[in-house]
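See below for the structure under consideration.
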Amino acid sequence: MSFKLPELPYAYDALEPYIDEATMRVHHLGHHQGYTNGLNAAIEGTCYENKTIEEILKSIHVTQTAIRNNGGGYWNHILYFDIMTPGGSKEPQGKLADAINQAFGSFEKFKELWAKAGGARFGSGWVWLLSKHGKLEICSTPNQDNPLMKFTECVGMPVLGMDVWEHAYYLKHQNKRGNYIQDFFEVINWDKVGENFEKTL
Ligand code: MN3
């Protein structure tokens, strides 16, 4: 069994003008394909060959660098591309909206804390909205680590993830990560994030 690059659920130019087509193409066909290939090469001939990606990420040791980086990159980008859309709800709805209000006070306050976490991540990494059986928290990890890996500081199931590697925004936003984060808010698929959240309840 080998892992395959999932197709994008929308066209490469669908998130314009917020996330540009050139960035989406190189991010999906270049970076995500690269992590997929790297993961397949790293697990070949090991006990991980017939495991799911979640099983792999939950069981690896901190020193298994190739699987950690490529397996993390494979899983993280599936979530990232899946929680963006050109349409859908512009704000959280239903149980997710209630949980955000409970955890952060309001959606506006959540956006402020999320943008702050994205700006504070030095170098490359990710920002996560985690559900601990329905209780939400914001957490950030370096490189391609994610909260499924037991050695990170984040505990919980990611329902939303934001890539803050420069490759996610540099062609359009250059050094202005904060502008990318504001544009990311315009394309979040809150219906999908809500579905992800309800699975954790
Ligand atoms: Mn990326």
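Numbers here simply count residues along the sequence, with the first being 1. For ligands, and for the atoms within them, numbers begin at 1 and follow the listed sequence.
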For atom CD of Glu54, decide whether the heavy atoms of other residues, nucleotides or ligands shown that lie under 6.0 angstrom number more than 12. yes
Tell me whether the rings of Trp128 and Trp126 are parallel (<30°), tilted (30 to 60°) or perpendicular (>60°). parallel
By salt bridge (Lys or Arg N to Asp or Glu O under 4.0 Å) - contacts of Asp183 (at least two apart): none
If you look at every heavy atom in Ile43 and Glu49, which pair is closest and at what distance? O-CG, 3.4 Å
Under 2.8 Å from the Mn ion (ligand 1), the protein N, O or S atoms found are His27 NE2, His77 NE2, Asp163 OD2, His167 NE2
Check the orientation of His31 and His27. Use parallel for under 30°, tilted for 30 to 60°, and perpendicular for over 60°. perpendicular
If you measure from the Lys or Arg side-chain nitrogens to the Asp or Glu carboxylate oxygens, is any gap between Arg25 and Glu21 under 4.0 Å? yes
